[in-house]
Amino acid sequence: MAKEDRGDATPFLPERLSLKALREAAAGCRGCHLWRPATQTVFGEGRKSSRIMLVGEQPGDREDLMGKPFVGPASRELDRGLEAAGIDRKDTYLTNAVKHFSFQERGRRRLHQTPKRFEIDACKPWLDAELEVVKPEALVIMGAIAARALLGGSFRVTQHRGELLESDLAPIVSATIHPSSILRQPDEESRVREREAFARDLRVIIEALGQV
Ligand code: SF4
């Protein structure tokens with residue numbers, strides 16, 4: 001790793017925070033080494049006025065190539081869950097804790113590699129800035145990497161999924177699994193069970209929003 005790659009994203013943040021300015025600035029981020037082998041920065045997507053922000057872990061292979069978050073196979077599971085919970089994806093702001101694809105090359109395949117702690121920390125300024133601009137009423141933290149970035153390393157998604165959490169991050173904060181974990185279930189019965197549980201977790205948010 002080159003010496004200049006050991007910082008974080010802070011020097012790359014724009015002076016004026018807007019989603020457009022952030023997206024443009026993030027395209028040139030060199031805050032950690034992950035930009036080098038990746039195709040491009042995959043920044044968050046959605047309107048500033050979105051009431052719900054969903055945070056995943058990092059772009060996958062398809063997202064890296066297309067430059068958009070949640071367009072790969074896990075995106076279909078996310079869409080199913082949102083639909084089952086009565087949430088319109090167009091009304092959400094979708095982003096990831098880490099904005100570049102982390103992978104290992106195996107022949108012609110690029111295998112997803114879990115981001116390391118320093119990579120999550122390096123990328124956190126972008127996530128903080130997105131939260132500051134969007135100011136969502138509800139924040140949904142999906143998976144262990146997003147939870148580590150926003151809630152700390154001791155938080156266990158499996159123990160607290162679907163709960164409303166005490167947090168300054170947003171008026172309503174909850175955590176659930178990352179939709180890609182549905183795809184990793186060993187059989188169809190488990191996948192169905194996880195799909196239902198994921199939709200249940202998302203429904204907690206929509207019910208809480210109804211009470212705001
Ligand atoms: S992963 Fe985040 S901090 Fe690292 S280069 Fe990409 S945008 Fe910058």
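Only this structure's heavy atoms are used, side chains among them; waters, hydrogens and symmetry mates stay out. Here the structure is a predicted model, which means the values were calculated and not measured. Remember, it's 1-based here, ligands and their atoms both numbered in the order they're listed.
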*Asks:* Please report the C-alpha distance between Asp91 and Arg47 in whole Å, then the side-chain angles of each, then the deciding distance to 0.1 Å, and finally whether the side-chain contact (heavy atoms from CB on, under 4.5 Å) criterion is met.
*Replies:* CA-CA 8 Å; Asp91 296 334; Arg47 288 194 294 262; 3.5 Å; yes
*Asks:* Heavy-atom distances under 4.0 Å are what count here, so tell me which part of Phe12 touches ligand 1: side chain, backbone, both or neither.
*Replies:*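 Near ligand 1, Phe12 shows nothing, with every heavy atom at 4.0 Å or more.
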*Asks:* Which atoms of ligand 1 are found less than 4.0 Å from any heavy atom of Ala122?
*Replies:*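 It comes down to these atoms of ligand 1: 3 (S).
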*Asks:* What closest approach, in Å, do Val42 and Lys68 show between heavy atoms, and which atom pair accounts for it?
*Replies:* CG1-C, 3.4 Å
*Asks:* Touching ligand 1 at all, Ala26? Heavy atoms, strictly under 4.0 Å?
*Replies:*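 Outside the 4.0 Å threshold, so no.
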*Asks:* Is atom 8 (Fe) of ligand 1 less than 2.8 Å from at least one N/O/S atom of Cys32?
*Replies:* no
*Asks:* At less than 4.0 angstrom from any non-hydrogen atom of Lys99, what atoms of ligand 1 do you find?
*Replies:*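 Result: 7 (S).
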*Asks:* Which residue and atom name correspond to the protein heavy atom nearest atom 6 (Fe) of ligand 1, and how close is it?
*Replies:*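 It is His100 ND1, 2.2 Å.
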*Asks:* For the residue pair His33 and Phe118, is the inter-centroid distance of their aromatic rings smaller than 6.0 Å?
*Replies:*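 When the ring centroids of His33 and Phe118 are compared, they turn out to be within the sub-6.0 Å range.
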*Asks:* Is the distance from atom 2 (Fe) of ligand 1 to some N, O or S atom of Cys123 under 2.8 Å?
*Replies:*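 Yes, since at least one N, O or S atom of Cys123 sits under 2.8 Å from atom 2 (Fe) of ligand 1.
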*Asks:* Any Lys/Arg nitrogen of Arg161 or Glu194 sitting under 4.0 Å from an Asp/Glu carboxylate oxygen of the other?
*Replies:* yes
*Asks:* Between Arg110 and Gly107 (side chain of the first, backbone of the second, donor and acceptor by atom type, cut-off under 3.5 Å), is there such a pair?
*Replies:*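 Pair absent, no side-chain N/O of Arg110 close to backbone of Gly107.
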*Asks:* List the closest protein heavy-atom neighbour of atom 8 (Fe) of ligand 1: residue, atom name, distance to the nearest 0.1 Å.
*Replies:*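 Ranking protein heavy atoms by distance from atom 8 (Fe) of ligand 1, first comes Cys29 SG, 2.3 Å.
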*Asks:* Are any side-chain N or O atoms of Thr176 and backbone N or O atoms of Phe198, one a donor and one an acceptor, separated by less than 3.5 Å?
*Replies:* no
*Asks:* Within 45 degrees of the ring normal and closer than 6.0 Å to the centroid, is that where the cationic atom of Lys48 sits relative to Tyr93?
*Replies:* no
*Asks:* Atoms of ligand 1 less than 4.0 Å from Val98 heavy atoms?
*Replies:*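 Heavy-atom distances to Val98 below 4.0 Å select 1 (S).
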